[in-house]
Number of protein chains: 2
Amino acid sequence: MANIKEVAKLAGVSVSTVSRVFNQQSYVKAETRARILEAIEETGYVPNRAAREMVAKHATTVGIVMPETFNNFQRQIFSIVARQLEEHSYHTGFYYASTEAEEEMKCLNRIKADRLDGIIILHELTQPGFNEYLSTRNIPTVLATFSGQSWDAPAIHISEEEAAAVAVRHLINKGHRKIAAIAGRQFSFSSRRLAGYGNALALANIALDERSIVHASTYSMRSGYEAARRLSEQSDSFTAVFAITDELAIGAIRYFQDRGLRIPEDLSVVGFDDIELASFVSPRLTTIAQPIEEMGNLAVELLHSMITDKETSSGDILLPFTLIERESTAQLR
Amino acid sequence: MANIKEVAKLAGVSVSTVSRVFNQQSYVKAETRARILEAIEETGYVPNRAAREMVAKHATTVGIVMPETFNNFQRQIFSIVARQLEEHSYHTGFYYASTEAEEEMKCLNRIKADRLDGIIILHELTQPGFNEYLSTRNIPTVLATFSGQSWDAPAIHISEEEAAAVAVRHLINKGHRKIAAIAGRQFSFSSRRLAGYGNALALANIALDERSIVHASTYSMRSGYEAARRLSEQSDSFTAVFAITDELAIGAIRYFQDRGLRIPEDLSVVGFDDIELASFVSPRLTTIAQPIEEMGNLAVELLHSMITDKETSSGDILLPFTLIERESTAQLR
DNA sequence: AGGTGATATGAAAACGTTCCCAGATATGTG
DNA sequence: CACATATCTGGGAACGTTTTCATATCACCT
């Protein structure tokens, strides 16, 4: 593996000059540059990243923190973020952190060692140590998700609570009053969306029945199926279901269909996220769409300006959402 | 940001000794070690990765190369690989490479600079430069995908051709003879699966009709929908469809359903991959299941042994697949 | 007392860059 | 022609580790 010294020797110049052609500022005679370029070509030289990072005292890498198994929404935002990062020529480090406290701290430790330029967090972290560390070290951070705990970093997201309320209100407007909910574990966006559900019900003077709420353990379709089963066991009087995630909704619909119910004739279902799949299942899913492309772009744009301008930004950035009415909800007969 | 010198000073020892407690071989008096540990705790010291990598002459990072927008199958294998990598305490670098030649070479350039320990490739690369570079530099590489071009690296995959033939034979056994195909762009696994389709037809003495083959531009459901539309326009005599990907199949089913066809009564559809979704759409999708968990685990296991044992491995590793019969295919009436 | 091996520590080189400083050569200006 | 300024190049320190080598102390045995 060629290093800068060999290139310099081959081109008959000093390492300083070779370095100069790589970093372009300052003067290099055209003829010399040509000779060096040739030597680079010949040796296949590529600067050693570690050495560069050491003198620069920082990596040109931003880390993406994601959950253990990410859902379709997170997959999409990940793709967008990764592409944008590449656009700005950052390296992309992948950090997987499950929702277990211990795992989260292990993830943090890896981050510590890496001297990252910045971090984009795509799911809620529960350990306060994360924010504490990142903010004392002044590591630019952006959350492209709901910020559960208090962060010193900006969080880009929609108003989960309002959006959920809009979804539930949609059901109420269709005449439903017995509306069940499939939530996730009791924190993060799950609890915010559930709160929105409660608010919408309260506003319509509908009493909240604990038995018509069920908590799924993950956000997979399988969990949605399972959750729908539990819901059916503990209550049978609902005419509509609000699922806090499209995957959960799709899994639930599958269960209800298996039980012979017709959607939306016998039961209306709303989801949340508008993943690609939502418009391909039957019935097509009525759901809340997040401006995912914008969220991803904004996240790296913001992070990039934090890194380059050294200005610390914070606070929530709320983006608009829309209810997309498709085929899984109908007027109560 | 504390460095090793500060820790050494605080503990009243030399940097060598501090380094020793981090890398554990050789002797350090228990008392000294305790003092150093305390100093580490107090300063919050974490070794600088770049510096470490420089002296080690390699990173503790393996890169994952993925397509621009990855589908559900790739997402799943990515999750598995990332988790396993973490298990072996490698860092995970994410490298996105679209199928454009230029993009691919840009991706390769980033890889060159990073002195990766190893690389796991999750989709087919078309540029021979990739293999050439990796093999001359002796960078351990594993493909967890079909190896389109000839690689010096081992490729872990199923026999795409046979699997496709099994899927098509399943349709033939159900009495179908007019079987259309929805393929992708004409290379990589898409072409292998299409070849399997052709073989199965030939074996059953069914003439291959060019008009009953359509090529989707991506592997998304949207593309599947689009492809089904084009298929319907250029041919209307088929009673079954083989889609080379579950997403394509699901998109296609959506199109046919929109046109009032009942699946599987009016039309049978087989997919390929068995993504989670396959068992949640209606009708549930008949498809080919790849041993995804095993593929992911094997990939990092193999890579790890290549990295540590320095033994270069190569050749194809074929894993078994299974046809999962669900509800989207039926006997031709 | 002297030797031997195990235990414990420090000094300093090396890894591959970047960048500051100094010096050399060319180009212009009065 | 002298001097200032612009252009060009090299030397060497610095970045934060690991690792080799050398040396010091200790415990134990003859």
Side-chain angles (χ1 to χ4, degrees), chain A residues 1-40 43-61 89 91 109-110 112-117 137, chain B residues 1-40 43-61 89 91 109-110 112-117 137:
Chain A
M1 194 77 230
N3 62 20
I4 199 172
K5 229 181 272 180
E6 298 173 39
V7 175
K9 198 163 141 201
L10 187 64
V13 295
S14 73
V15 294
S16 317
T17 310
V18 177
S19 176
R20 261 186 285 262
V21 343
F22 258 92
N23 303 283
Q24 25 243 17
Q25 30 17 0
S26 117
Y27 311 105
V28 177
K29 210 201 290 183
E31 186 197 333
T32 315
R33 157 170 284 119
R35 204 144 31 91
I36 292 172
L37 253 20
E38 203 177 316
I40 288 170
T43 54
Y45 168 71
V46 178
N48 180 315
R49 180 152 82 104
R52 267 190 157 165
E53 286 180 5
M54 198 164 64
V55 6
K57 287 164 178 277
H58 70 93
T60 45
T61 301
S89 60
H91 294 263
N109 265 322
R110 262 170 295 124
K112 283 182 183 176
D114 292 357
R115 264 69 174 174
L116 262 20
D117 269 345
R137 300 293 174 191
Chain B
M1 194 77 232
N3 62 20
I4 200 172
K5 229 181 273 179
E6 297 173 38
V7 175
K9 198 162 142 202
L10 187 63
V13 295
S14 73
V15 293
S16 319
T17 310
V18 178
S19 176
R20 262 187 282 262
V21 343
F22 258 91
N23 303 284
Q24 28 243 14
Q25 31 12 7
S26 116
Y27 310 105
V28 178
K29 211 201 290 182
E31 186 196 333
T32 315
R33 158 172 282 120
R35 206 144 30 93
I36 292 172
L37 253 20
E38 204 177 316
I40 288 170
T43 54
Y45 168 72
V46 177
N48 180 316
R49 181 152 81 104
R52 268 190 155 165
E53 285 180 6
M54 198 163 67
V55 5
K57 286 165 180 275
H58 70 93
T60 45
T61 301
S89 60
H91 294 264
N109 265 322
R110 263 171 293 123
K112 283 182 181 176
D114 292 357
R115 265 68 173 172
L116 263 20
D117 270 345
R137 300 293 174 192

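For the pair B:H58 NE2 and C:dG16 P, the interatomic distance rounds to 13 Å; values are reported in whole Å. Computed from coordinates, the A:N48 CG to D:dT17 P distance equals 16 Å when rounded to whole Å. At whole-Å resolution of the value, CD in B:E6 and C1' in D:dC15 are 13 Å apart. Atom CZ in A:R20 sits roughly 8 Å away from atom P in D:dG10 (whole-Å rounding). Between A:M54 atom CE and C:dT17 atom P the separation is 11 Å, expressed in whole Å. For the pair A:I4 CD1 and D:dG12 P, the computed distance is 17 Å after rounding to whole Å. Going from atom CD of B:E53 over to atom P of C:dG16 covers 13 Å, rounded to whole Å. As rounded to whole Å, 10 Å separates atom P of D:dG16 from atom OH of B:Y45.
Remark: the A:R49 side chain and the C:dG16 base include no donor-acceptor N/O pair separated by less than 3.5 Å. Evaluation of atom-type donor-acceptor distances gives no pair under 3.5 Å for the side chain of A:S14 against the base of D:dG11.
In terms of heavy atoms, A:R20 sits closest to A:S26 at CD-OG, 2.9 Å. Taking both residues in full, the closest heavy atoms of A:I4 and A:Y45 are given as N-CE1, 3.4 Å, listed atom of the first, atom of the second, then distance. The two residues B:V21 and B:R33 come nearest to each other via the heavy atoms CA-NH2, 4.2 Å.
Residue B:T17 holds its OG1 atom at 11.0 Å from NZ of B:K29, rounded to the nearest 0.5 Å. In this structure, CE on A:M54 lies 14.0 Å from CZ on A:R49, to the nearest 0.5 angstrom. Rounding to the nearest 0.5 Å gives a distance of 11.0 Å between CD1 of B:I36 and CD of B:E31. One distance of note links CG of A:N48 with NE2 of B:H58; it measures 12.0 Å at 0.5 Å rounding. Once rounded to the nearest 0.5 Å, the distance linking NE2 of A:H91 with CG of A:L116 reads 11.5 Å. In this structure, the separation between CG on A:L10 and CD on A:E6 is 9.0 Å, given to the nearest 0.5 Å.
Phosphate proximity of C:dG16 to A:N3: present, with a side-chain N or O under 4.0 Å from OP1 or OP2. At least one side-chain nitrogen or oxygen of B:N23 sits closer than 4.0 Å to the OP1 or OP2 atom of D:dT18. When the side-chain nitrogen and oxygen atoms of B:T17 are compared with OP1 and OP2 of C:dG10, one or more of them lie within a distance under 4.0 Å. For A:K57, a side-chain nitrogen or oxygen approaches OP1 or OP2 of D:dG16 to under 4.0 Å.
Judged purely by atom type and a 3.5 angstrom limit, B:T43 uses its side chain to pair as donor or acceptor with the backbone of B:A39.
Residues A:S16 and B:P47 each lie close to DNA chain D; by heavy-atom proximity, the contact nearer the 5' end of the strand is made by A:S16. Residue order along DNA chain C, read from the 5' end via each residue's closest nucleotide, puts B:G12 first among B:G12 and B:V55.
Comparing the local axis fitted to the first five base pairs of the helix from C:dA1-D:dT30 to C:dG30-D:dC1 with the one fitted to its last five gives a bend of 50°, rounded to 10°.
Within residues 26-40 of chain B, the residues approaching DNA chain C are B:Y27, B:V28, B:K29, B:T32, by heavy-atom distance under 4.0 Å.
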